[in-house]
Amino acid sequence: MEQSSILSQLNESQKEAVSLINGPEMVIAGAGSGKTRVLTYRIAYMLEQGIAPWRILALTFTNKAAREMTERILKLIGDQRAKAVQMGTFHSVFLRILRTEADKIGFTHFLSVYDTDDSKSLLRNIIKELNLDPKVYVVNYVLNRISAAKSNLLNAEDYAQNKDAVMYDKECGKPLVAEIFKRYNTRLHSSNAMDFDDILYYMNALLRDFPEMLFKYQNRFQYVLVDEYQDTNFAQYMIIKKIAAGHHNICVVGDDAQSIYGFRGADINNILNFKRDYPEAKIVKLEQNYRSTQNIVNAANAVIKNNNKQIPKTVWTDNEQGTPITVLSSSNESDEAALVCDSIFEIEHNFHVNYNDIAILYRTNMQSRALEECLIRKHIPYRIYGGTSFYARKEIKDLLAYCRLAINHYDEESLRRVINYPLRGIGETTVEKIIACAGEHGVRAWDIIENPQFFEVPVNNPTKERLTDFAAKIKSFTALLPSKDAYEMGKHIVFASGIIAALKADPSEKDRADNVEELLDAMKDFSENAEETTFNEETGELIEDFNPTLDRFLESVALLTDADQKEDENVSQVKLMTIHAAKGLEFDYVYITGLEENLFPSSLSIGSRKELEEERRLFYVAITRAKKVLTITHAQTRYRFGSLQFCEPSRFLDELPTSCLKTIEKASSGKGAFAKKSTIENDWANRTFEKKTAPAKPKLELDIAAIGRMAKPSDLKPETRIYHIKFGYGTVQRIEGPTGDQKATIFFDTLGEKVLLLKFAKLILPNK
DNA sequence: ATGGAGACCTTTTTT
DNA sequence: AGGTCTCCAT
């Protein structure tokens, strides 16, 4: 065969991974080895070989990854056919299919997707209805159990039959989880709704129970590609297996060393056992790292070596040695934040590094607070990814609930959400009566609301009238759906529902009103710009026609993840995110913070080897995000649950090879280099920077931690007892002056009155 | 009904 | 510590 121009841009193993398009193949792609490149080139190559785009199913973990890949393929082959590749997340591709085939599994095309909040809210209601103690039946526990079951393809009946599951719940003192599960599923079903896990569960059920469906989709998807295969769970594994059984053209790409979603049911064995599932499978290893310096690659390798279970591979790089990794020790989290911010300030100032090329990573979202405070203080632009997402906000959920309800009247969670918002005199008691009444009659809450007279709900007549009024309003929205696009609908609903009036009536709700506006903007953008390429299944003809209807907007929004947020390339901001959120990304400069025992590795993982190995993989992922410079920090104390905790440096620090590190002062005693009292000086900062950062003074700061914590201006009021390193204990007399330049008058026990500038004075708030 | 004070709980990680 | 939830007073 003639050498394809696509293949000529690849190294030998990449070429191998791309060009073997028939038969099963597993690509083990080490960090930074060009995994995305292989996937996109492979698809481009397939298209070039004449494979019809709609025969290709490519599954990713984020919409963003899918979008980027489509764009890259488009660029590679310069052909609109790229858009017709069935590329998307597991959830979005399968949801689309389930909508098409909804009647087969007892749903309608307009089914709702419950997000985690909706699921929790429904569970809370069920627990209440069963008169169970919500302190015993903790929603998170119940949801986790149900989610894990569904991810393993167990439905409520299977669960109730499963001795291990039932036994486990009994031992936890929660014997009725199976019963809650059953009711939860019944309610989801009668609400014409699915939760996230249902999308996978029902997709598998569709293929399992309907041979014609299996045939249809096996035939449609003759080539299956799966990205991040190490993070697939059992349900995903089974679906892929079923579809791929048709043509055996399955290509999975992943890295067992980067499997970090075990807690969510991802099973690393899916990748470890691929060869067993497909004995004829070709295994290709991508081991050359193009991303990072040698120091970083070596450090990552040394860390991951401590894990037992893995596919043997040697990641190496031709890149330069690079800057050694710096490990910084700080006395507490604000000190840690200050070290990071100072360092960022310096590199920006001295090397004109774009803030976009800098990322601060952490194990848990809560760690972002101290960092954020410091970034604000130092005027460093930043953006935090994750945390409460836009679409989880109350006002946004309210508006979306109206939208969902207009499309799917049976959506009980949406109904509950807005039936009395804005207030229309339908209280909690009435809602509960409706739900109870619906249960008795075996109908939906909506049926009752539409006709409260008929079902004899025990509420008074004015209330009944309010119910029918509400139903009429929703139906009036529904009537507009066929003729209006998402934006027109959104605009109409915002006004007609009274949401905007309610928000505008209260000046303190200004932010919320703005957020609603923002959602409308998103709807507008969707209505004007969304496009989609579909195809005629018989003729393979491309159809570019797209109707930006409200249901399509909701669909696009329901499965969004934080990673999917649009990037604004024009702004320059330091990025803050959890390590999980950073997977698949890369940055020139990376700061990994909070390398402390019980935080990273998390206290919840320390108990088992398996979970500890997952934490180590997480550390591996974190290290390998860095292209040029990696800085790792840990704090000696940290506030947790409102009280000061002493923190041992993470065991992972000891796994970093000294040859990759900057300077190490060996501790005179103790096991590892990072035994409590040792510090690593940031002499990298001293050498390169004109303006030195104040060197850390660990001894002094340890003392601070022992006495109390650094006082914030807001802590200081007259009568407050404080401690000053030089002047000793004293009592605050008064605080005066403008914020940021305040003066404190303090009466010291031994020295008498002194006036100190808060900006400079290191005042400590002693522990009681 | 509305709001405020106090209890209480949080912490992995997220599709 | 800080946010959410609950219960009590208005």
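In what follows, every heavy atom counts, from backbone to side chain, and hydrogens, waters and symmetry copies are set aside. On a predicted model such as this, the values are computed, not experimentally measured, just so you know. Here is the naming used below: chain letters follow the sequence lines, and residue numbers restart at 1 for every chain.
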Problem set entry | ring centroid sep under 5.5 Å plus plane angle under 30, Phe641(A) with dT11(B) |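 By the stated criterion, Phe641(A) and dT11(B) stack.
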Among [options], which is the nearest nucleotide to the side chain of [X]?
X: Arg640(A); options: dG2(C), dT15(B), dT11(B); answer: dT11(B)
X: Ala581(A); options: dT14(B), dT11(B), dT15(B); answer: dT14(B)
X: Phe196(A); options: dT15(B), dT13(B), dT11(B); answer: dT15(B)
X: Met366(A); options: dT14(B), dT11(B), dG2(C); answer: dT11(B)
X: Thr116(A); options: dT15(B), dT11(B), dT14(B); answer: dT15(B)

Problem set entry | Thr364(A) versus Gln367(A), side-chain donor and acceptor atoms under 3.5 Å | yes
Provide, to the nearest angstrom, the distance between the [atom1] atom belonging to [X] and the [atom2] atom belonging to [N].
X: Asn144(A); N: dT13(B); atom1: CG; atom2: C1'; value: 12 Å
X: Arg124(A); N: dC5(C); atom1: CZ; atom2: C1'; value: 10 Å
X: Arg369(A); N: dT10(B); atom1: CZ; atom2: P; value: 16 Å
X: Phe263(A); N: dT14(B); atom1: CZ; atom2: P; value: 6 Å
X: Phe61(A); N: dT13(B); atom1: CZ; atom2: P; value: 19 Å
X: Gln645(A); N: dA1(C); atom1: CD; atom2: C1'; value: 13 Å

Exercise. Starting at the 5' end of DNA chain B and moving along, which residue's nearest nucleotide shows up first, Glu614(A) or Leu423(A)?
Worked result: Leu423(A)
For this session: Could you pick out which residue, Gly427(A) or Phe90(A), lies toward the 5' side of DNA chain B when each is mapped onto its nearest nucleotide?
Result: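 Upstream on the strand: Gly427(A).
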Exercise. Is any side-chain N or O of Thr578(A) closer than 4.0 Å to OP1 or OP2 of dT14(B)?
Worked result: yes
For this session: Verify the contact: side-chain N or O of Asn140(A) to OP1 or OP2 of dT10(B), cut-off strictly under 4.0 Å; return yes or no.
Result: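 Result: no.
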Exercise. What is the nucleic acid contact for Glu611(A), judged by heavy atoms within less than 4.0 Å: base, sugar-phosphate only, or nothing?
Worked result: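 Since a base atom lies under 4.0 Å of Glu611(A), the category is base.
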For this session: Assign Leu200(A) to base, sugar-phosphate, or nothing according to its heavy-atom contacts below 4.0 angstrom with the strands shown.
Result: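 Since no nucleic acid heavy atom lies under 4.0 Å of Leu200(A), the category is nothing.
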Exercise. Are Arg264(A) and Asp231(A) ion-paired here, with the side-chain N under 4.0 Å from a carboxylate O?
Worked result: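 Answer for the salt bridge query: no.
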Exercise. With the threshold set at 4.0 Å, does a side-chain nitrogen-carboxylate oxygen contact exist between Arg404(A) and Glu413(A)?
Worked result: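 Judged by the 4.0 Å cut-off on N to carboxylate O distance, Arg404(A) and Glu413(A) do not form a salt bridge.
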Exercise. For atom P, what is the distance between dT13(B) and dT4(C), given to the nearest Å?
Worked result: 16 Å
Exercise. C1' atom, dT6(C) versus dT11(B): distance in rounded Å?
Worked result: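 It works out to 22 Å between them.
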For this session: Report yes or no: is the cationic atom of Arg616(A) (NZ for Lys, CZ for Arg) closer than 6.0 Å to the six-membered ring centre of Tyr620(A), at no more than 45° off its axis?
Result: no
For this session: Compute both the distance and the angle, then confirm whether Lys174(A) meets the cation-pi test with Tyr141(A): under 6.0 Å from the six-membered ring centre, within 45 degrees of the axis.
Result: yes
